S.K.: 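I am attaching a structure below and will ask some questions about it afterwards.
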Amino acid sequence: MTKSRLLDRYSETRDDMVRLLIDRGITSPDVLHAMAQVERHLFVPLPLRNHAYDDAALPIGEGQTISQPFTVAVMTEALKVGNGDKVLEIGTGSGYQAAILAAMGVRVFTIERIPSLLKSARSILENLGVRFLSKLSDGSMGWKELSPFDGILVTAGAPDIPKPLVEQLKVGKRLVVPVGSQDFQQMKVVTKISDNNDFKVTELADFKFVPLIGKEGWPSGRSLGEGMSSNGREG
Ligand code: SAM
C-alpha cells in the first residue's frame, strides 16, 4: 500500500479525514494509522470518489452503505484488537472495514449475505493484497468452525445481542454491535466474562445502521433507506 500511497491524489484529503477523527475523540494510534493508510476511495463507487473522505456513509449498491469513517474508527477502537488477533466481521459491505483491520495486523474473517457486494469486496481486497477469509452466509450466526475469536464486529443494526456471537468469543474479548430499532441503534461493547457465556455490556453513542438480516437479526423484507441520522453517526 505504501507505493500506491506515494501516487495517491487523495492522500491530503485522507489526512484531513484523520485530523477530523482526532478532533472527534479517536485516540488509538493503531486505528488512526490504519485509517491514514487505507485508500477509502477504492471502496466507494466511482461517481462518489470525490466524497470518499467526507465523514459520511455512502451508498455502495443493493441498498447498503460503506460506513462513515467516524463510525468505523469508534467500532475498531472499541474492539481493542491488534497484531495477530483473529477478528470476525459481520457485514463485509464494501470491504473497507476489513481492510482497516488488516492494516492493523489483524487476521480478518468476514461474512456478507449479498452475493454482488461480497464479490466486489473480494476483488478490491485481493487487488490491494489484503489477506482475509470471507464467506457468503447469514453472519448473525457467526462462523462457528473458525471460532473462538479475539473480537467480533457487527456492522449492521441488530434487534438484540446475537448470542451465537458471544459464544464464539474468547473469554475477556469483545463483541461490538449496534443494537436497537430498525431506525436507531445504540453501540454496545459486549465483553465475554466466563466460559458460560456470561457477559457485561457498556454502551457508546447512538448510530444509524442498515439492518442485520438473519436468524439473530431482522427478518428480510423491509429495506431501509440510507438517510443521515439526526446525530450524524451513520453505519
Ligand atoms: N463493513 C462494511 C464496509 O466496511 O463497507 C459496511 C457494512 S454495511 C453498513 C452493512 C452490511 O451488512 C451490508 O453489506 C449488509 O448486506 C450486511 N448484512 C446485513 N445482514 C447480514 C447478515 N446477517 N450477515 C452478513 N452480512 C449482513
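Bear in mind the structure is a predicted one, so any value in this text is a computation, not a measurement. Numbering starts at 1 and runs along the sequence shown.
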S.K.: Kindly give the cluster partners of Met141, where membership spreads through any ILVMFWY side chain lying under 4.5 Å from a current member.
M.R.: none
S.K.: Hey, what's the ring geometry for Phe207 with Phe70, parallel, tilted or perpendicular (30° and 60° as the breaks)?
M.R.: parallel
S.K.: CG of Leu48 to CD1 of Ile66: how many Å apart, nearest 0.5 Å?
M.R.: 10.0 Å
S.K.: Ignoring hydrogens and angles, tell me if any N or O in the side chain of Lys192 forms a donor-acceptor pair with the backbone of Glu167 under 3.5 Å.
M.R.: yes
S.K.: Check whether any side-chain heavy atom of Ile60 sits under 4.5 Å from a side-chain heavy atom of Leu117, and report yes or no.
M.R.: yes
S.K.: Can you name the closest pair of heavy atoms from Leu136 and Ile114 and give their distance?
M.R.: CD1-C, 3.8 Å
S.K.: Check whether any side-chain heavy atom of Leu42 lies under 4.5 Å from a side-chain heavy atom of Arg49, and answer yes or no.
M.R.: yes
S.K.: Taking only residues two or more places apart in sequence or in another chain, which ones pass salt bridge (charged side-chain N to carboxylate O under 4.0 Å, His left out) with Lys163?
M.R.: none
S.K.: Rounded to the nearest 0.5 Å, what separates atom OG in Ser140 from atom CG in Leu165?
M.R.: 7.0 Å
S.K.: Side-chain donor-acceptor pair under 3.5 Å between Asp54 and His51, yes or no?
M.R.: yes
S.K.: Measure across Val38 and Arg14 and return the closest heavy-atom pair with its distance rounded to 0.1 Å.
M.R.: O-CD, 3.2 Å
S.K.: Does the side chain of Val171 reach to within under 4.5 Å of the side chain of Ile193, using non-hydrogen atoms?
M.R.: no
S.K.: Can any side-chain N or O of Asn196 pair as donor or acceptor with the backbone N or O of Asp198 at less than 3.5 Å?
M.R.: no
S.K.: Do the side chain of Ser137 and the main chain of Gly139 share a donor and acceptor less than 3.5 angstrom apart?
M.R.: no
S.K.: Start with the C-alpha distance between Leu32 and Ile22, add both sets of side-chain angles, then the distance that settles side-chain contact (heavy atoms from CB on, under 4.5 Å), and finish with yes or no.
M.R.: CA-CA 8 Å; Leu32 292 168; Ile22 294 169; 3.7 Å; yes
S.K.: Near Lys119 NZ, under 6.0 Å, is it more than 12 heavy atoms from other residues, nucleotides or ligands?
M.R.: no
S.K.: Identify the heavy atoms of Val177 and Pro162 that sit nearest to each other, and give their distance.
M.R.: CG2-CD, 4.2 Å
S.K.: Please round to the nearest 0.5 Å and tell me the distance separating atom CG of Asp138 and atom NZ of Lys215.
M.R.: 7.5 Å
S.K.: Are Leu125 and Phe43 packed together at the side-chain level, in the sense that at least one heavy-atom pair is separated by less than 4.5 angstrom?
M.R.: yes
S.K.: Is there a donor-acceptor contact under 3.5 Å from the side chain of Thr65 to the main chain of Ser67?
M.R.: no
S.K.: Check step by step if side-chain contact (heavy atoms from CB on, under 4.5 Å) holds for Val201 and Ile161.
M.R.: CA-CA 10 Å; Val201 182; Ile161 295 169; 3.9 Å; yes
S.K.: With Arg122, which residues qualify under side-chain hydrogen bond (donor to acceptor under 3.5 Å, both in side chains), at least two apart?
M.R.: Ser134
S.K.: Do NZ/NE/NH1/NH2 and the carboxylate oxygens of Asp55 and Arg24 come within less than 4.0 Å?
M.R.: yes
S.K.: Could you pull out the closest heavy-atom pair between Gly93 and Ala121, with the gap in Å?
M.R.: O-CB, 3.5 Å
S.K.: Just by distance, no angles: are the side chains of Ser28 and Asp30 close enough, under 3.5 Å, to form a donor-acceptor pair?
M.R.: no
S.K.: To check you understand the geometry: which heavy-atom pair defines the closest contact between Val72 and Thr76, and what is its length?
M.R.: O-OG1, 2.5 Å
S.K.: Please round to the nearest 0.5 Å and tell me the distance separating atom CZ of Phe149 and atom CH2 of Trp143.
M.R.: 7.5 Å
S.K.: With a 4.5 Å limit on heavy-atom distance, are the side chains of Leu133 and Val108 in contact?
M.R.: no
S.K.: Under 3.5 Å, is there a donor-acceptor pair linking the side chains of Ser116 and Glu62?
M.R.: yes
S.K.: What closest approach, in Å, do Met104 and Val31 show between heavy atoms, and which atom pair accounts for it?
M.R.: CE-CG2, 4.1 Å
S.K.: How long is the straight-line distance from NZ of Lys170 back to CD1 of Ile152, given to the nearest 0.5 Å?
M.R.: 11.0 Å
S.K.: Is it true that a side-chain atom of Tyr53 and a backbone atom of Arg40 form a donor plus acceptor pair closer than 3.5 Å?
M.R.: yes
S.K.: If you define the side chain from C-beta out and look only at heavy atoms, does anything of Val190 sit under 4.5 Å from Thr202?
M.R.: no
S.K.: Under 3.5 Å, side-chain donor or acceptor atoms of residues 78-90 against the rest of the protein: list the pairs with distances, not counting sequence neighbours.
M.R.:
residue	atom	partner	partner atom	Å
Asp85	OD2	Gly82	N	2.9
Lys86	NZ	Leu146	O	2.5
Glu89	OE1	Thr110	OG1	2.8

S.K.: Would you please name every residue forming a side chain to side chain contact (heavy atoms under 4.5 Å, CB included) with Ser123, sequence neighbours left out?
M.R.: Asn127
S.K.: Mind checking whether Gln185 and Val179 have side chains closer than 4.5 Å, heavy atoms only?
M.R.: no
S.K.: Report the residues that fulfil salt bridge (charged side-chain N to carboxylate O under 4.0 Å, His left out) with Glu203, sequence neighbours left out, ordered by chain and then residue number.
M.R.: Lys188
S.K.: Under a 4.5 Å cut-off applied to non-hydrogen side-chain atoms, are Pro69 and Met17 in contact?
M.R.: yes
S.K.: Distance from Thr191 atom OG1 to Phe199 atom CZ, nearest 0.5 Å?
M.R.: 10.5 Å
